[in-house]
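In each ligand, atom 1 is the first atom listed, and ligand 1 is the first ligand listed. The figures that follow rest on heavy atoms only: side chains count, while hydrogens, waters and symmetry mates do not.
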Amino acid sequence: MSTKYRFTLNGQPAEVAGPPMARLLDVLRRDLGLTGSKEGCGEGECGACTVLLNHEAVCSCLVPLFQVEGASITTIEGISAGDEVSELQRVFATEGGAQCGACTPGMIVTIRALLDRHPTPTRAQVREYVSGTLCRCTGYERIFRAIEVLTDQRLAEGVASPSAKGVSGE
Ligand code: FES
Ligand code: FES
């Protein structure tokens, strides 16, 4: 059975037809050509497939297509502003936080959700958010460093967060 679903995808109206239980990850990659979201475990354990669903970070391998009706979806392709990389992507690049193509897209999307809630997060908040996004090789220190640099920049610019101590302030 194939049903039409309408939703907002990276800020634009989108429509796709498919089985209600089709995995959002497959629909994004196969039907919509958005291959930035990766498949790792396929079981909700690794975070490689993370997208924002109504501003919440979710594993798209666990989201059935019917759940996106009327929703807002943001993928890694929608994190940048047009051709410009976002400030988050920039510090990931300059501080070595972008490590491999498997985990980085999910990591960036997850941290986008964090920064939307906590513009200048503590390291404890960063740890909590990235705990569901696994890195199996180079580790998290450069990722923490990238967010610390961004946080320091934001604090210098006067961006306030109620609990802000900088990411090194656990
Ligand atoms: S592929 Fe979705 S959580 Fe691993
Ligand atoms: S850097 Fe991607 S899995 Fe470790």
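The atoms of ligand 1 that sit less than 4.0 Å from any heavy atom of Cys61 are 1 (S), 2 (Fe), 3 (S). The Cys103 neighbourhood of ligand 2 comprises atoms 1 (S), 2 (Fe), 3 (S), 4 (Fe), with distances under 4.0 Å to a heavy atom of that residue. Listed by number with element, the atoms of ligand 1 under 4.0 angstrom from any heavy atom of Gly42 are 1 (S), 4 (Fe).
Backbone or side-chain N, O or S atoms of Cys135 do not reach atom 2 (Fe) of ligand 2 at under 2.8 Å. Using a cut-off of 2.8 Å, one finds that Cys46 contributes an N/O/S atom close to atom 4 (Fe) of ligand 1. Note on Cys41: counted as a metal contact of atom 4 (Fe) of ligand 1, an N/O/S atom lying under 2.8 Å.
When the options Leu53, Val58, Leu24 are evaluated for a side chain to side chain contact (heavy atoms under 4.5 Å, CB included) with Gln67, the one that passes is Leu53. Considering Val27, Leu28, Val68 in turn, Val27 is the only one that fulfils the side chain to side chain contact (heavy atoms under 4.5 Å, CB included) rule with Val16.
Annotation: atom 1 (S) of ligand 2 to nearest protein heavy atom, Gln99 CB, 3.2 Å.
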I'd like to know whether Glu84 forms a salt bridge (Lys or Arg N to Asp or Glu O under 4.0 Å) with Arg90, so could you lay out the CA-CA distance, the side-chain angles of the two residues, the decisive distance to 0.1 Å, and finally the verdict.
CA-CA 10 Å; Glu84 297 285 316; Arg90 185 174 42 73; over 6 Å; no
Evaluation steps, salt bridge (Lys or Arg N to Asp or Glu O under 4.0 Å), between Arg154 and Glu157:
CA-CA 5 Å; Arg154 288 181 162 192; Glu157 290 163 3; over 6 Å; no
Please report the C-alpha distance between Val63 and Ile73 in whole Å, then the side-chain angles of each, then the deciding distance to 0.1 Å, and finally whether the side chain to side chain contact (heavy atoms under 4.5 Å, CB included) criterion is met.
CA-CA 11 Å; Val63 176; Ile73 308 283; over 6 Å; no
